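See structure below.
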There are 8 protein chains.
Amino acid sequence: MALKINAIENVANIARIDIGRTVRRGVPEIVYAEGKSSDDLIQICDRIVSRSGRAIVSRVNEEQLHKLNEHFKDYEVQRTPHAATVVITSADYKKVETGGRVGIITAGTVDLPVAEEAAIIADEMGCKAFLEVDAGVAGIHRLAEPLTRMVKNNVDCLIVVAGREGALPTVVAGLVDIPIIAVPSSSGYGYGGKGQAALMAMLQACSLGLSVVNIDSGIAAGVVAAQIANRVAKARSSG
Amino acid sequence: MALKINAIENVANIARIDIGRTVRRGVPEIVYAEGKSSDDLIQICDRIVSRSGRAIVSRVNEEQLHKLNEHFKDYEVQRTPHAATVVITSADYKKVETGGRVGIITAGTVDLPVAEEAAIIADEMGCKAFLEVDAGVAGIHRLAEPLTRMVKNNVDCLIVVAGREGALPTVVAGLVDIPIIAVPSSSGYGYGGKGQAALMAMLQACSLGLSVVNIDSGIAAGVVAAQIANRVAKARSSG
Amino acid sequence: MALKINAIENVANIARIDIGRTVRRGVPEIVYAEGKSSDDLIQICDRIVSRSGRAIVSRVNEEQLHKLNEHFKDYEVQRTPHAATVVITSADYKKVETGGRVGIITAGTVDLPVAEEAAIIADEMGCKAFLEVDAGVAGIHRLAEPLTRMVKNNVDCLIVVAGREGALPTVVAGLVDIPIIAVPSSSGYGYGGKGQAALMAMLQACSLGLSVVNIDSGIAAGVVAAQIANRVAKARSSG
Amino acid sequence: MALKINAIENVANIARIDIGRTVRRGVPEIVYAEGKSSDDLIQICDRIVSRSGRAIVSRVNEEQLHKLNEHFKDYEVQRTPHAATVVITSADYKKVETGGRVGIITAGTVDLPVAEEAAIIADEMGCKAFLEVDAGVAGIHRLAEPLTRMVKNNVDCLIVVAGREGALPTVVAGLVDIPIIAVPSSSGYGYGGKGQAALMAMLQACSLGLSVVNIDSGIAAGVVAAQIANRVAKARSSG
Amino acid sequence: MALKINAIENVANIARIDIGRTVRRGVPEIVYAEGKSSDDLIQICDRIVSRSGRAIVSRVNEEQLHKLNEHFKDYEVQRTPHAATVVITSADYKKVETGGRVGIITAGTVDLPVAEEAAIIADEMGCKAFLEVDAGVAGIHRLAEPLTRMVKNNVDCLIVVAGREGALPTVVAGLVDIPIIAVPSSSGYGYGGKGQAALMAMLQACSLGLSVVNIDSGIAAGVVAAQIANRVAKARSSG
Amino acid sequence: MALKINAIENVANIARIDIGRTVRRGVPEIVYAEGKSSDDLIQICDRIVSRSGRAIVSRVNEEQLHKLNEHFKDYEVQRTPHAATVVITSADYKKVETGGRVGIITAGTVDLPVAEEAAIIADEMGCKAFLEVDAGVAGIHRLAEPLTRMVKNNVDCLIVVAGREGALPTVVAGLVDIPIIAVPSSSGYGYGGKGQAALMAMLQACSLGLSVVNIDSGIAAGVVAAQIANRVAKARSSG
Amino acid sequence: MALKINAIENVANIARIDIGRTVRRGVPEIVYAEGKSSDDLIQICDRIVSRSGRAIVSRVNEEQLHKLNEHFKDYEVQRTPHAATVVITSADYKKVETGGRVGIITAGTVDLPVAEEAAIIADEMGCKAFLEVDAGVAGIHRLAEPLTRMVKNNVDCLIVVAGREGALPTVVAGLVDIPIIAVPSSSGYGYGGKGQAALMAMLQACSLGLSVVNIDSGIAAGVVAAQIANRVAKARSSG
Amino acid sequence: MALKINAIENVANIARIDIGRTVRRGVPEIVYAEGKSSDDLIQICDRIVSRSGRAIVSRVNEEQLHKLNEHFKDYEVQRTPHAATVVITSADYKKVETGGRVGIITAGTVDLPVAEEAAIIADEMGCKAFLEVDAGVAGIHRLAEPLTRMVKNNVDCLIVVAGREGALPTVVAGLVDIPIIAVPSSSGYGYGGKGQAALMAMLQACSLGLSVVNIDSGIAAGVVAAQIANRVAKARSSG
């Protein structure tokens, strides 16, 4: 962390190298593929992979995936089933396990792409990610079992994804004392249906102990949850 | 009901009398005091009391209450403690008990004015009203006891009032099969805090079996709940 | 209802079976097809059909319909003409008639998909559904005839669908004392044209005795109307 | 009108005098008192009265009214009861009757200030104004009588003021072929309650033959209605 | 007009015929083609043409136009070049000239579809329509010439169409005393670019003497302008 | 935590006692004074103080403060200078130090009430709170010194409060790898000036590693930051 | 400017002094008085006056003005008549004339506070400010004279303030080639009346050559206009 | 400039020629291709090219580009790589270098189309344009180098393009005293993601010395920046 803050004090080239090192230890660079040409995307990924051995690309479409597979045929190219996030790694890349533990619960199956996005990021940041799907509040009893598993798995941070009225984070936050990152998903309809109802509800949550990221942002949730979990893990190991 | 529909066919004075009769059997006239001068208010109440023996006035301020008490000193003038709704009745007015049963649950104590408004209306429409306060979702277990009482009281319709994230109606609707009228209250803060978050959330509710009235509208909720309860009660008695 | 409330008291596996039973008697599970892959959809329907003999699927597209027909070729697969709602039933499935009576009126022909969605749900919940189309307020006299039929059919609850300025529920609520569920439809244009004008207008309705569901939500309207009608019917039969 | 268009061609002082003459025959200057100091207000009124023999001032508060009465003690100072619009006229001022006929209908008594504002403007522009209050749509039959009177009075233009869901202009436009100016009033509550619901609804109106002015703008409605009526009246007299 | 008001008093079949007659003299039925199947469209047009000798259909797409041409091959089927409005007339249909005069000015060429929609409606309602395109406020001098022609043509009502910041109606209303119908068009971009900026600006207009219809609604503007013009024309001829 | 999750499994009285115990170890009850009568406020505080030895009350006005001081004259009643948060403690109440470390940075001096609210909550939850005021982005160099102190103080979580354009959390998150809770404050003006601009900006933040609470919610930020810090502290001590 | 950019490279105390010097040559510190206690305000002004010989304070209320006059009785304390902006200067303070020329035009008299705020800032930044009031677009000919004066005064930048529909900047930008800073003022009513209509309209402006600041922000407009004018003046003098 | 103002005084044909001459010296006509047919586009370009030797067309699609290339095969037709802006010039067209200097900085690579649009306009208005891409605030040190280059290049005006939270203009304005035109880009997601967050943030900017144009409007930014730079350049050369 000390290195990182130096970045303000020492600008220019040297600071950049320092920052680069810090970044590899903290938050990885994540390339947002939407709207980028395949050529631009490959060029950016090339630079990142050559520098750090790994590139993470989110929201990849079929054509982009095809081109990435073709270009990085000597690398491992993995794609999540629902979120269309791609991780490209060189043969010698080694992910460092941090010991952090991140839980992810979704209100519905429709929230799976967001949850997967969060899970892959937490995983790439060295955490172990636990995922429970479709634990919504319409039948509150459905929640008991997955939540109990989260508690037993001793997660350090809990991401809760919900669309529609976004009530799940409130209910969960009222039951556990794990820090909660609430993610509104855009799975609704009509008035407030593109995630605004869920976002508003999460910001208004009566239960204390939760904070919120933007609509559908599995990446923002994954990074902040992994940061929290990694900090706890570091304290555990160095305690 | 047959009479009522005649109102379209036979306009003018006679229709008015017919409507008047229907109205006395159905929804009472409710005077909204906010923004009215005390003189206007008294004049309107006078006409309604003389016609039906009872006037219901909502959102009455101190000055208006004083003037109403003065003017209607030969009548009974009752005021609800939180909602500032006033019911003026002549000595010979007799409320008809319908046998309808309306339940009202609030998420917080701050929702009490809205709940009281609904309760007094349901009561004036002949129903028995059951009220449970502060059963919010932040600690979901707080809900079990009041909800059990509602089920035991065999209410025909359940009004659920909630501000902030407005999650209580969704949770309740997932647990009981009683028709639910959800009322968003304006008890929030910041983004969506004037009832919009709660309104949006209730309209987006994953649980089926609930419908919504406008923000803080205890009156709209009370009338529709009483209509449902009275219809069930009528079926019960004539079944 | 007693069973249902037990769900809070007795969580875990057993409660789920109890809830399952209650649900079959109350609100059926409705699968929202939009955004789901045909494979996922079939898998979900398989599970529901095997458990309850019937699956209801809303917003089905052509490809999904084709796959469902193929997969459920030994079942009855019915599709509504405008709403694209599909009901899959096994040979031995028997819908229970409740005696509930639900009326549905639309302001325009463009509101037919929403009305059909409501009608099929009310029907599947055991009610008899009565539908009147294009009774809008631009020529108020057009309303008299269909409304008279609704009164004669003695409906227990009345769903009123309207887009644009959404004035029909207000006008209807001023003429009858049947509980009204107002549904704003997204059939408008320009400022407020995606259903917001209609939604706002219905929430602001001067007429008392109506409550509102979200834009285009025939399903939410159908369920709550059927719940009301079934409650009245139960009271009638057991009165 | 020819003079008026000259204003573009001949700018500077002379054009101003021309415009002034046109304006006296067309739309009078109306001073908006809100936020102005009494001194500023008197100064502006002085100039207008000296030029045209009459000043119209809208939204006058008690202190301003007192000061205006004091200052213009040798003039006639008239104030409308609800709208707080003041008309100051010199002894020799003579209003010209145009023969135009403007009708004004309100949905509720709460819309009276807006209606009065429109009426006084139409009157000052030389029209005869007809006012009918509280003809709302909640009981559609209440509308027949006042509307019949409007038709009998042969009004050239009809201003319809409504708050809440703003449905009255739609209903009226479906029944008569008089051009309608719809005015949303801010008399509502909760979602859309400051006139937005009414504004949206009026812009979405299914009935053709109506146009809209801004929320609570009795002045804008009065001017445009008087312009229409005066144009018809001029055609009548010169036909 | 007397006939029309009867519609409230005499409902049912006879009233409908009366209304029908009134409608032919006043506002024609206009079919909104968007979202309708070609079959439905043809069926509706058939009924209207057989009843009145003419059908007006707005927002017709290529496929619908083809089908209409095919089906009404024994009728005249005319389509406006930009607005895609279609008028179908039988051989013996005779449009009645009313003597009304409607002017239409647009701020840009992009507003032409809206202007054409208004023009064809005014024309079908018996008026003579005058159209001036691209007289925007960015160079205020561009306005002088077309406005002068409007004044010379002695139009009874002036429709002003503008997108982006919607300033043209304000400027025009400050220069002439013709009643103005302002139409915001959706020709903008970024913040407020779908017509909201123009709508808001027109409702806020400092110039008095204008009223507004919904975004892109050439039809609403055309009908209300023609109603005004026809009323003036009638006064002229019967004066 | 195990106890807490039991709350779902074992409802009713016993669960409440369990929850009560968990709550004392986790998130304290915080009473929102705004809108409550002094009597109600005292009654609620009495109950909480008697149960836990301490009551935290936010947004206390002068009258309420006076009454609280009077009623709790045998207790310690402390009030924060800007936030008007009051902590009432009995003589024998002992706050448990957790070892958690929470940093709070504000963009301006105007954000001090929000920062104080967060600080007192973190403090009452057993953390050590570090506060730096007026480190805004308009002069980015102003940020270096306070941020360096935060890093040296080794805070476990960093709350960043900013109004207007809300850019500070983004800039800070780009410089350190501490989890950040961003709090938009309502200190702005004009378009987006009540905290919406800051809220939107924080949700859109390019920097990863931050999550957001509602506008002005020092309490929500304080609780979630303390939860994170306490979790890290617990790991440190038990590592 | 070179000094200023050093601020990034050399943080801490020394940079601050450098920045301070730059600031005195560029943008002065402006204290926003609203919401600040008189004590805080005096303390902040003391520090600024002692450092630079002058303090500018905006939105000063009566009590604050009284206290400032009292405290700074040995200084010159000047207050603008409408904007309530105060400038405190020591006896030896000398404002440097830059030669920059800033013009300010308002649409109405109600925009005067905003215009004054801009004028005083431009003046304090060394420019000569020219002010023309009430040149609105409702009568476009009113604009010719003041605009001609602006051109004759050879202003380097033109601030145009307008509320309501905010059309004046568009019209002005179409007539001159001076860079224009448009300021929406909150002088409107109803839909979009708090400056949103004007803001939207200005951002949508068809005329090129204008940019916009936030609603009512005379200060932001004054600073940017003075920066432009000072840059032109510097080029003039060093050309 | 004197000529330009004449346009108000002398309307009609002669004024147009004057304006035309002024326009060629100031802001060029820019054709917005979106939504125009290729035929219309060619016709408009033909007229402009024949009058001024050059046509600038923005937002050109592939088909339009093909047709333009075909039609103007005897002209030079240049297209920017990302912004799809096309400049058509005749062989004898000579762009006049003004000596103005415009800098453009973007927060991300995704903002390149907007930046290119601004650059080509500044270039066509005779300025030298300097472009720096991807200098965002997430790592504030990335900004130092490009900003230093801008200062060294002595730009007269600085355009700063940013999407998401739009913080870059605030940070830049705090570091340099060059007038800044901030352009919000629509490169975001979720709440406020279509440029509203960036627009709001820029209007709320704490740093003084910046003004704003509409979302994605490279053209508006380019024109106003070039106007400022040209004015400075003119002062430089004539100083």
Side-chain angles (χ1 to χ4, degrees), chain E residues 106-111 134-144 147-148 160-177 180 182 184-212 214-215, chain G residues 106-111 134-144 147-148 160-177 180 182 184-212 214-215:
Chain E
T106 80
T109 47
V110 76
D111 303 319
D134 200 17
V137 296
I140 204 72
H141 51 282
R142 275 157 62 193
L143 177 60
L147 201 52
T148 305
V160 184
V161 188
R164 301 286 288 267
E165 78 273 62
L168 188 57
T170 287
V171 173
V172 170
L175 295 171
V176 300
D177 64 355
I180 288 168
S185 84
S186 58
S187 59
Y189 70 96
Y191 180 51
K194 293 190 172 154
Q196 309 102 300
L199 172 60
M200 265 195 192
M202 290 170 185
L203 288 168
Q204 289 288 344
C206 289
S207 302
L208 293 165
L210 64 83
S211 56
V212 186
N214 205 351
I215 297 165
Chain G
T106 80
T109 48
V110 76
D111 304 318
D134 200 18
V137 297
I140 205 70
H141 51 282
R142 275 157 61 194
L143 177 60
L147 201 51
T148 304
V160 185
V161 188
R164 300 287 289 265
E165 78 273 63
L168 187 58
T170 287
V171 173
V172 170
L175 294 172
V176 299
D177 63 356
I180 288 169
S185 85
S186 58
S187 59
Y189 70 96
Y191 181 51
K194 293 190 172 152
Q196 309 102 300
L199 173 60
M200 265 195 191
M202 290 171 185
L203 288 168
Q204 290 288 343
C206 289
S207 301
L208 293 165
L210 65 83
S211 56
V212 185
N214 205 352
I215 297 164

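Note that the coordinates shown come from a computational prediction; the quantities given were computed from them, not determined experimentally. Proteins come first, then strands; the chains are lettered A, B, ... in the order of their sequence lines, and each starts at number 1.
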Out of E/Gly188, E/Cys206, E/Gly108, which one racks up the most heavy-atom pairs below 4.5 Å with chain G?
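Sorted descending by pairs with chain G, the first entry is E/Cys206.
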Can you tell me which of E/Ser207, E/Gly166, E/Gly190 forms the most heavy-atom pairs within a distance under 4.5 Å of chain G?
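Sorted descending by pairs with chain G, the first entry is E/Ser207.
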Looking at [X] and [Y], what are the two nearest heavy atoms and their distance?
X: E/Gln196; Y: G/Met200; value: C-SD, 4.0 Å
X: E/Gln204; Y: G/Tyr189; value: NE2-O, 2.6 Å
X: E/Ala197; Y: G/Ala201; value: CB-N, 4.4 Å

Largest heavy-atom contact set with chain E, pairs under 4.5 Å, which of G/Ala167, G/Gly192, G/Gly193, G/Ala198:
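Max contact count across the listed options: G/Gly192.
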How long is the straight-line distance from CZ of G/Arg164 back to CG of E/Leu203, given to the nearest 0.5 Å?
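It comes to 10.5 Å.
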